[in-house]
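The structure appears below as structure tokens.
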Amino acid sequence: MNNKLSLDFYSQADVVSVARQLLGKHLYSKIGGKITGGIIVETEAYRGPDDRGSHAYMDKKTPRTEMMYQAGGVAYMYICYGIHDMLNIVTGTEGMSHAALIRAIEPIEGLDVMRNRRAIFDDDKRLCQGPGALAKAMGLSKLHNGTDLQGDTIWLTDEGLSYSDLEVMAGARVGMNFEGPYKTIPWRFYVKGNAHVSRPRI
DNA sequence: TATAGGATAGGCT
DNA sequence: GCCTATCCTATAG
């Protein structure tokens, strides 16, 4: 596997473009000696400091957001609603607080492991459908915050698959509970008609 | 220190 | 469709 995404990819300045480019890339994790992974089919871009939806809005620096300011190519993970772990890909250069949330993958590797972690045995399309579900299926938690994506714990590859603009939908991000332009800005990208995309398909 | 609320998912009406 | 578990984080006092 020599087709890991490079630092050049992660250091791109435009996180919205990166989120779009991530569709079709493969995401893998190796946790407890078990490899799981699949094709990214849904992402969202978070562009601090101007993005009100970002944890780094207004350049907010806290212990939690610290990882978002690292140079691109590491994981930013945090817990949402006390229950769900979220996996983000940090992008841009050091000091930029940009990140792309991975919301859903189409599982292709380690299906049995994912079924067991999720305790779902009769509906594979639900295994990684949504950011919390995906992290659980792949064995990821906020313990993996800061993981270097060039390593062998979490990594992304280009397997030659890409989706054309005709196959991709852009819409408002999920869970934006505030008012203003960033509530509805179309920074959520997903593969049209793909069964593994999470709920709100609008 | 105390407390309100969140980039969700699953179960129930 | 509506409801809420669950606990960490951020912010205020």
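Computed from heavy atoms alone, side chains included, the values below leave out hydrogens, waters and symmetry copies. Note that this is a predicted model, so its numbers are computed, not measured. Every chain is numbered from 1, with letters handed out A, B, ... down the list of sequences.
- If you measure from atom CZ of F189(A) to atom C1' of dA7(B), you get 15 Å, rounded to the nearest angstrom.
- Judged by distance alone with a 3.5 Å cut-off, a donor-acceptor contact links the side chain of Y78(A) to the base of dA7(B).
- For a distance-only test at 3.5 Å, the side chain of H55(A) qualifies as a donor-acceptor partner of the base of dA7(B).
- Residue ring and nucleobase are stacked for Y46(A) and dA7(B), with a centre distance beneath 5.5 angstrom and an angle between planes beneath 30°.
- If you measure from atom CE of M67(A) to atom C1' of dT9(C), you get 16 Å, rounded to the nearest angstrom.
- Both M169(A) and L161(A) are assigned to one and the same hydrophobic cluster, defined by single-linkage of ILVMFWY side chains at heavy-atom distances under 4.5 Å.
- Spacing between atom CG of N145(A) and atom C1' of dC8(C) amounts to 13 Å, rounded to whole angstrom units.
- For the pair I83(A) CD1 and dG5(B) P, the interatomic distance rounds to 17 Å; values are reported in whole Å.
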How does DNA chain C read in dot-bracket, base by base from 5' to 3', with Watson-Crick or G-U pairs under 3.5 Å and | used when the partner is on another strand?
-> |||||.||||||.
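- Applying the 4.0 Å criterion to OP1 and OP2 of dT8(B), one finds that R103(A) has a side-chain N or O inside that range.
- Here, dA2(B) and dT6(C) have their P atoms 23 Å apart, quoted to the whole Å.
- At whole-Å resolution of the value, CE in M86(A) and C1' in dT9(C) are 14 Å apart.
- The side chain of P63(A) approaches dA10(C) more closely than any other nucleotide in the set dT8(B), dA10(C), dA7(B).
- Seen from the ring of F189(A), R20(A) does not count as a face-on cation partner, given the 6.0 Å and 45° thresholds.
- The aromatic ring centres of W187(A) and Y46(A) sit 6.0 Å or more apart.
- Between R115(A) and D124(A) there is a salt bridge, with a side-chain nitrogen of the basic residue lying less than 4.0 Å from a carboxylate oxygen of the acidic one.
- Under a cut-off of 6.0 angstrom, the local environment of CD in E66(A) is sparse, with at most 12 non-hydrogen atoms contributed by other residues, nucleotides or ligands.
- Using a 4.0 Å heavy-atom cutoff across all strands shown, G82(A) reaches at least one base atom of the nucleic acid.
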